[in-house]
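This report refers to the structure that appears directly beneath it.
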Amino acid sequence: MYTLVVCEKPDAARRIAQALGDPKESKPAGISVFDVANSDCHYKVCSALGHLYGLADSTKNRSVYPVLDLEWAPVDKNPRAARAIKVISELSKNASAFVHACDYDQEGEVIGHNILQYACGGKYEKALRAKFSTLTDEEIRESFASLERPSGGLAEAGRSRHMLDFIYGVNLSRALAQSLKMASNGYCNLSIGRVQGPTLAFAVDRELEIRLHVPDPYWTIAAQFEKNNQTFSAQYEKPKVGTLAEAKSIVSACIGRDGTVSDVVDSKAVLGPPTPFNIGDLQREAYRLFKLGPGYTLAIAEKLYLQALISYPRTSSQKLPPSIGYGKIISSLSRIGGYGQLTSMLLSKGRLVPNEGRMTDPAHPAIYPTGVAPQQKLSSLEFKVYDLVVKRFLATFGDPAISRHTDVSIDVNSHTFKAQGRSPVYEGWMVFYKPHVRLEQHELPELRKGDLVKNLGIDMEEKFTQPPYRYNQASLLAKMEQEQIGTKATRADIIATLFKRNYIASSVRGGIEVTDLGFAVIDSMRTFVPAIISTSLTRSMEEQLEKVEQGSAESVLVIEQAVDKLIESLSAFIEKEVDIGARIGNAASSSANGAQAATMIGSCPVCKKGQLRMIKSYKTKKRFVGCSNYSGGCKATAPLPQKGAIRVLGKACPECGWPIVGVVFARRSKHWKICVNMQCPSKKK
DNA sequence: GCAAGGTC
C-alpha cells in the first residue's frame, strides 16, 4: 500500500519526490511516476499537466445561448492530459492515502480537487494537503510533516471562478457573433471576456485620449556657457514657458549677458541592484531591449527551461532562496563561455546576498540560470534571452552603483538657468548587466559659487505638448499587472487573442492601435454590458469568491446572481441585436480591408476616381496596394515587396500610369524605384 | 469558430 501524491506539473513532481527520498522513476504511458519508499512511508508521486478537467458546454451547439448548464469534463485536444488521467486513475485504485500537492493557490487547489474527485473516485475530502510556498527541499519536507485536510472553500471558490468566466465569456461572445449573423448573415470570430474586455478598453481609452489631444504650444530656453575653455549647456529654470511673449522677454533680458554661478549642489546618488526576474519582469525587459513580444519571450524561456538552462519561468516570484545554491550556480556559470570574468568578481566578493523583490509565488522562486552549459547551439534570440537571465541573476548580487550629481544654478540678469553634471563614481552591479545599462556621464567644467561664466548664446524653441504614447505589448501587459487582471501565465495570451480577433493591430512603431472592430465591440459592451469591460467585474468577483472561500457565501447563489445580471444585460442586447450586428459588420469589413493603416500612394489609374493606398492585410499581415474606391467597385490591387520601407514618391509610371514607389532598405545597401503595377509593359522589357 | 486558467 502507498500514498498517492498528486502534483500540478512534472517538474514539481520530480522535485517533491527528490525532497521526500530517493525516487525511482517509471513512465507508464509516457507519464513520469516517482516511487519513494522510506522506513515509515511509501509514496507514489504523480503529476498532472495543469488542468486535466475543464468546463464543457452540455449543449455542444455554439449558436445556442445563453448556455448556463455546465459540466466538468476531461480536457479534450490534449492526448498527454488524457494519458495522465488514465495513469493517475489507475494508481488511485491501490492507494491507501492521498496527498494533494499541487501549487498552493486557488487554481492549484482546483487542479488537485478535480483529479482527486474525478480520476481518483471522490478522494478530495479524504486527501491531505501539502502546503508550500516554494519547491525547496526544506519547504517540501515541512509541508509533508504538517499535512492538513484540504480547504473545500478554496476549491469551491476556484471552481466558481471557472463557472463565472465561462458564463460571461462564452455567452457574450456568442451574443456578439449572433448579432452579426442577424444583421447580415455574416460570420466573424468574435470574443469578449472578463480579462479581454478591460484590456481592450485600456487600449480604446488611450486611443481616445490621443484623438482628443489638443497640442498646446510651449517654449523651451537653453543657454550655452563657457568656463575655462569648456562649453556646457543649461536649461531655463522653468522647463516649459507658457507664452511666446514671456519666452521672448526672457531671451532678450539674457542675451549677450554673462552669468554668475549662484549655487552648486553636489550629491551622491545611489542606485540599488535590480531584483531577480519574474516572468512579467523578463517579458518587459526583453521587449525594452530586443523588442520581443511577451508571448514570444515566454516561449523562448520555456524552451530554455526544457533544456535545463534556466529555472521554471512561469513564476511571479522575485525571490531567490539560498537553497538554490548561489555559489554553486555562479561557479558553474564561470565555466560557460564569456561569464568567467564576471563570476570571479562575484565569487571574490565574499557573502552573496541577492536583492530580492517583494513578489512571491506559491511554487517557484524567481527565474535564475541553473549553471548547466548549453548542449546545443542556441539561436541568436534564445541566446539573447538566456544571456539576459544570466546577467540579471549576477547583477542582483552586485553592490549599489554610485554616481555623483552636480546641480549648478546660473544667474543671468536675475534669470536662473540650471545645468546638471553626472559622473560615475562606482559601477557596482551595472558591471554585470552590461550592455543593458550604464551610468550617465555628463561632465561640467569645475564651477564654484560666484564664478563668472561666459554666455555664448541663448536659444528658444517652440514645442507642443504631445499626446500620450500608445501602449505597446510590454506596456499593455504592465497595465494588466498593475490593474491585477489576468495572471502571469495568461496575460501574453490575452493580448495575442485581441490581435487574432483584429480588435487591435500593430502600428509601424510597435504601438498598439485599436481597429474599428475593436471600437465597435467596446461600444456595444459599454452600452449593454458595461461590467465586462471594467476591471470592477474582477474586483467584485474576487470579493464574492473570497466569501465563498471563507464559507460565508454559497457558490451556487453567487453564480445565480451573476446569471441574473447577465440575462438582464443580454435581453437588452438582443433587442438591439440587429443594430449592433450592423455596426460590428461594418467595422469588421473596414478593419479587414485595412482602412486604418492606409497610406495614400497615388491616384488610381483603373477607376480614375479613387486613391491607391498601401494597406496591411489583417488576414495575412502582408502589405499590398488597393483602391480607396474598393467599396464602390474598383478592384485595382497590386502587390508590394514585404521588406524595406516604402517611400511615396508622388510620381506616376510613364508607361502605365500606376504610381512609382521607392523601396529603401535599412542598411542603405539597396534602393529601388518600382512601378507597382505587375502588368506594366516596362516590366516585360 | 466562444472565456480564463493551468502546463508541455
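The basis for the numbers below is simple: all heavy atoms, side chains too, and nothing from hydrogens, waters or symmetry mates. In what follows, every chain begins at residue 1, and chains take the letters A, B, ... in the order their sequences are listed.
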Do any side-chain atoms of residues 558-571 of chain A form donor-acceptor pairs under 3.5 angstrom with protein atoms, and if so which ones, sequence neighbours left out?
{"from": "A:Ser569", "atom 1": "OG", "to": "A:Lys565", "atom 2": "O", "distance (Å)": "3.1"}
{"from": "A:Ser571", "atom 1": "OG", "to": "A:Ile567", "atom 2": "O", "distance (Å)": "3.4"}
{"from": "A:Ser571", "atom 1": "OG", "to": "A:Glu568", "atom 2": "O", "distance (Å)": "2.9"}

[X] near the nucleic acid: base, sugar-phosphate alone, or nothing, with a heavy-atom cut-off under 4.0 Å?
{"X": "A:Ile167", "value": "nothing"}
{"X": "A:Arg194", "value": "sugar-phosphate"}
{"X": "A:Tyr312", "value": "sugar-phosphate"}
{"X": "A:Thr490", "value": "base"}
{"X": "A:Gly108", "value": "nothing"}
{"X": "A:Asp57", "value": "nothing"}
{"X": "A:Ile192", "value": "sugar-phosphate"}
{"X": "A:Glu8", "value": "sugar-phosphate"}
{"X": "A:Leu190", "value": "sugar-phosphate"}
{"X": "A:Tyr187", "value": "base"}
{"X": "A:Arg174", "value": "base"}
{"X": "A:Arg159", "value": "nothing"}

For this session: Please state whether the rings of A:Tyr368 and A:Phe393 are parallel, tilted or perpendicular, taking 30° and 60° as the class boundaries.
Result: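 Plane angle between 30° and 60°, so tilted.
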
Problem set entry | Residue met sooner reading DNA chain B from 5', once A:Gly486 and A:Tyr305 are mapped to nucleotides |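 Of the two residues, A:Gly486 wins.
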
Exercise. Of A:Asn189 and A:Lys488, whose nearest nucleotide on DNA chain B comes first from the 5' end?
Worked result: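 Its nearest nucleotide being more 5', the pick is A:Asn189.
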
Problem set entry | side chain to side chain donor-acceptor pair (under 3.5 Å) partners of residues 108-121 of chain A, not counting sequence neighbours, each pair once |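 Side chain to side chain donor-acceptor pair (under 3.5 Å) check on residues 108-121 of chain A returns A:Glu109-A:Tyr124, A:Glu109-A:Arg129, A:Asn114-A:Arg159, A:Tyr118-A:Arg159.
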
Exercise. Can you give the first and last nucleotides of DNA chain B, 5' to 3', that have an atom under 4.0 Å from a heavy atom of chain A?
Worked result: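 Nucleotide range with atoms under 4.0 Å of chain A: B:dG1 to B:dC8.
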
Exercise. Side chains of A:His100 and A:Glu8: is there a donor and an acceptor less than 3.5 Å apart?
Worked result: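 No, no side-chain donor-acceptor contact under 3.5 Å.
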
Problem set entry | Residues that A:Ser555 engages under side chain to side chain donor-acceptor pair (under 3.5 Å), provided they are two or more places apart |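 If we apply the side chain to side chain donor-acceptor pair (under 3.5 Å) test to A:Ser555, skipping adjacent residues, the hits are A:Glu156.
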
Problem set entry | Which residues share a salt bridge (charged side-chain N to carboxylate O under 4.0 Å, His left out) with A:Glu139, sequence neighbours left out |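 Once residues adjacent in sequence are excluded, A:Glu139 has no partner under the salt bridge (charged side-chain N to carboxylate O under 4.0 Å, His left out) criterion.
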
For this session: Sequence neighbours left out, what passes salt bridge (charged side-chain N to carboxylate O under 4.0 Å, His left out) with A:Asp579? Give chain and number order.
Result: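 Salt bridge (charged side-chain N to carboxylate O under 4.0 Å, His left out) list for A:Asp579, sorted by chain: empty.
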
